[in-house]
Amino acid sequence: MSSPSATLTVWAASWLAGRSAPDDVLDALRAWAQRQTVAAGDPVTGGHTGLPWAAEETADISRGAGIMVLLKLIREAMSGPEAQLRLVLPVSGDVRGLPVGTEFAAAATEAGEGLYVGSLGGDGTGLVPVWTDDDSLQWRVYATPIPLTVEPEMPLGEAEYTMRQAVREAADALQQLQTTRVDDAGGPSPRDLIEDELAAYSQHQYPDSLPLRARRILDTADQVAAILTVAERAPASAPTSATAIAAQESLLRPLWNAIRSARLAAVHART
């Protein structure tokens, strides 16, 4: 699993469907951080929910409620007609699926992840995880309008094929960026670095209710992401000019975009 928001989305959906217990959801979240709290993302939401407000400049893990509150908030937001639980993975320049101009959209874009709960076209709840330090996670809650329509997802068959192709393309990109060379200091090889990345992803489990094909897609997306992460940070690939930076971005960005689309399709898959 690639992010706390993805974990919460799939496990909360399983819980709402009666296929997982509340403790299963909380245990899955704690795999990301043992210390987690819930706080209002802005004063208005704090006034509506009674949650403490953790201002960005004074983010403090102690200023927040326990994560059991997340389940209460999600249950309440799902009580409306045709309510949905949706993961968002925005990046700068591509904020599809977000209610543009809202506090939630700004926070989710900065974090690169989030989820919203509620009926399409109505008022709902947005959730964004914020790391307050290396070991502590705080879920920021936002009262937010829910988009009127949902962006169509990539079909699972297309997502699976795209990820299989992306594995080869990512490996080619890694080689093209010359990260296969082990440095003179005898550091770990790119293969070892990729294995480390995959080991971190594998600590997070899927609920049994998630379709098998969706799990395969998520696993392959993690593999591609691990290769790209190593390609971006390996010393041999560090670009030294504006032209080189642009070339590296043009090489890797389409693959990151494909990963995002595939992950969204898989997370929102239902049996």
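Start at 1 with the first residue, then count along the sequence.
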Requested in this report: Verify, without hydrogens or angle tests, whether S79 (side chain) and R75 (backbone) share a donor-acceptor contact under 3.5 angstrom.
Outcome: no
>> For residues V100 and Y142: do they belong to one hydrophobic cluster (side chain heavy atoms under 4.5 Å, members Ile, Leu, Val, Met, Phe, Trp, Tyr)?
In response: yes
Please tell me whether I67 and V69 are part of a single hydrophobic cluster in this structure, the criterion being side-chain heavy atoms less than 4.5 Å apart.
yes
I'd like to know if the side chain of T45 reaches the main chain of A143, judged simply by a donor and an acceptor atom lying under 3.5 Å from each other, with no hydrogens or angles considered. yes
Q.
Do L26 and Q36 make a side-chain contact, defined as non-hydrogen atoms from C-beta onward lying under 4.5 Å apart?
A. no
Exercise for the section: May I ask you to check whether S119 and E82 show a side-chain donor-acceptor distance below 3.5 Å? Expected result: no
Nearest heavy-atom approach of L51 to A40 is CB-N, 3.8 Å
Between the OG1 atom in T144 and the CG atom in D123, the distance rounded to the nearest 0.5 Å is 8.5 Å
Checklist entry - Is there a path of hydrophobic side-chain contacts, each under 4.5 Å between heavy atoms of I, L, V, M, F, W or Y residues, that connects M154 with V267? => result no
Single-linkage hydrophobic cluster, 4.5 Å side-chain cutoff, M68 and M78 together: yes
Would you say L198 and Q223 make side-chain contact, with heavy atoms under 4.5 Å? yes
Expected list for residues 157-165: side-chain donor-acceptor pairs under 3.5 angstrom, two or more places apart:
{"residue": "E160", "atom": "OE1", "partner": "R213", "partner atom": "NE", "Å": "2.8"}
{"residue": "E160", "atom": "OE1", "partner": "R213", "partner atom": "NH2", "Å": "3.4"}
{"residue": "E160", "atom": "OE1", "partner": "R216", "partner atom": "NH2", "Å": "3.4"}
{"residue": "E160", "atom": "OE2", "partner": "R216", "partner atom": "NE", "Å": "2.7"}
{"residue": "E160", "atom": "OE2", "partner": "R216", "partner atom": "NH2", "Å": "3.0"}
{"residue": "T162", "atom": "OG1", "partner": "E158", "partner atom": "O", "Å": "2.7"}
{"residue": "Q165", "atom": "OE1", "partner": "R168", "partner atom": "NH2", "Å": "2.0"}

* Would a distance-only check, ignoring hydrogens and angles, find a side-chain to backbone donor-acceptor pair under 3.5 Å from S261 to A258? -> no
(message) Check this for me, if you would: do E153 and R86 make a salt bridge, where the nitrogen-to-carboxylate-oxygen distance has to be below 4.0 angstrom?
(response) yes
Value for CD (Q176) from CG (L251), rounded to nearest 0.5 Å, stands at 5.0 Å
Quick check: do Y116 and V128 have side-chain heavy atoms less than 4.5 Å from each other?
no
Working note: R191 + E195, criterion salt bridge (charged side-chain N to carboxylate O under 4.0 Å, His left out); need CA distance, chi angles, decisive distance, verdict. CA-CA 6 Å; R191 180 182 293 275; E195 289 298 325; 5.6 Å; no
When you measure from the side chain of D27 to the backbone of D24, do you find a donor-acceptor pair of N or O atoms at a distance under 3.5 Å? no
> For Y206 and D219, what are the C-alpha separation, side-chain angles and deciding distance, and is it a side chain to side chain contact (heavy atoms under 4.5 Å, CB included)?
Replying inline: CA-CA 10 Å; Y206 307 130; D219 285 342; 2.7 Å; yes
Rounded to the nearest 0.5 Å, the CG atom of D94 sits from the CG atom of L89 at a distance of 10.0 Å
In this structure, CG of L70 is separated from OG1 of T37 (nearest 0.5 Å) by 9.5 Å
H268 and L87 have their tightest heavy-atom pair at NE2-N, 2.8 Å
Closer than 3.5 angstrom, by distance alone: can the side chain of Q34 be matched with the main-chain N or O of A31 as a donor-acceptor pair? no
Quiz item: Are the side chains of W256 and V91 in touch, meaning some heavy atoms are under 4.5 Å apart?
Solution: no
Minimal heavy-atom distance between L174 and P190, with the atoms involved, is CD2-CB, 4.4 Å
CZ (F104) and CZ (R140) are apart, to the nearest 0.5 Å, by 13.5 Å
Note, L120 side chain near Q84 side chain (heavy atom, < 4.5 Å): yes
Under 3.5 Å, is there a donor-acceptor pair between the side chain of R215 and the main chain of D208? yes
Report yes if some heavy atom in the side chain of E113 is under 4.5 Å from a heavy atom in the side chain of L127; otherwise report no. no
Output for pair (E76 CD, L71 CG), nearest 0.5 Å, gives 11.0 Å
Is the closest side-chain heavy-atom distance between R263 and S2 below 4.5 Å?
yes
All heavy atoms of A33 vs all of W131, minimum pair found to be CB-CZ3, 3.8 Å
Notebook entry, point to check: Would you say W139 and L73 make side-chain contact, with heavy atoms under 4.5 Å?
Noted result: no
Between A12 and I74, the two heavy atoms sitting closest are CB-CD1, 4.0 Å
Taking every heavy atom of L16 against every heavy atom of L85, the minimum-distance pair comes out as CD1-CD2, 4.4 Å
